[in-house]
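So the structure is just underneath, and the comments pick up after that.
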Amino acid sequence: MLKWEYALLVRRRQAATSDAGWEIVFVWYGPDGSMVDVTPYGDTALAHLNRAGDQGWELVAMSEDPSLPGNNELHRYHLKRPKPAVAPPRQRIRGANRGRRSLSG
């Protein structure tokens, strides 16, 4: 059965921390629970989505949070990709070598 893993790309427009004005920040929430600031990898959501697509991710939904105060913006891009197949553990066959043993005496 095909299993999926999910990730989230968040685009946030917020007050700049270094000078006056606004900045756009992109954060990647990976399937392993990691949270990575991916802002340096691109200026636009399309750049980040294309980068994710190159890694096998597919956009399945997009949502925005209109309840934020002022000029803040929050966009969420929900992505999924097939989970890598993990080979099942090999089972040992019992008794396979019993007929080959010989006693030396």
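This chain uses plain numbering: 1 for the first residue, then up along the sequence. Since this is a predicted model, take the numbers as computed values, not measurements.
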Spacing of Y29 atom OH and L9 atom CG [to the nearest 0.5 Å]:
10.0 Å
Any chance you could measure D65, atom CG, to H75, atom NE2, to the nearest 0.5 Å?
10.0 Å
Side chain to side chain, [X] and [Y], heavy atoms closer than 4.5 Å:
X: H48; Y: L46; value: no
X: S63; Y: H78; value: yes
X: I24; Y: R12; value: no
X: P84; Y: E5; value: yes

side-chain contact (heavy atoms from CB on, under 4.5 Å) between Y41 and R51, intermediate numbers included:
CA-CA 9 Å; Y41 299 115; R51 186 171 171 266; 3.9 Å; yes
Any chain of hydrophobic side-chain contacts (each under 4.5 Å) joining [X] to [Y]?
X: V27; Y: L8; value: yes
X: V36; Y: L79; value: yes
X: M62; Y: V60; value: no
X: W4; Y: L59; value: no
X: V38; Y: Y77; value: yes

Looking only at heavy atoms, which two atoms of [X] and [Y] are closest? And how far apart?
X: P31; Y: A7; answer: CD-CB, 4.3 Å
X: D37; Y: F26; answer: OD1-O, 3.1 Å
X: W22; Y: R13; answer: CD1-NH2, 3.3 Å

How about D43: does its CG atom have over 12 heavy atoms from other parts shown lying under 6.0 Å from it?
no
More than 12 non-hydrogen atoms from neighbouring residues, nucleotides or ligands closer than 6.0 Å to OH on Y6, yes or no?
yes
After noting the C-alpha distance and the side-chain angles of Q55 and R81, does the key distance pass the side-chain contact (heavy atoms from CB on, under 4.5 Å) rule?
CA-CA 9 Å; Q55 296 172 7; R81 70 177 176 188; 4.2 Å; yes
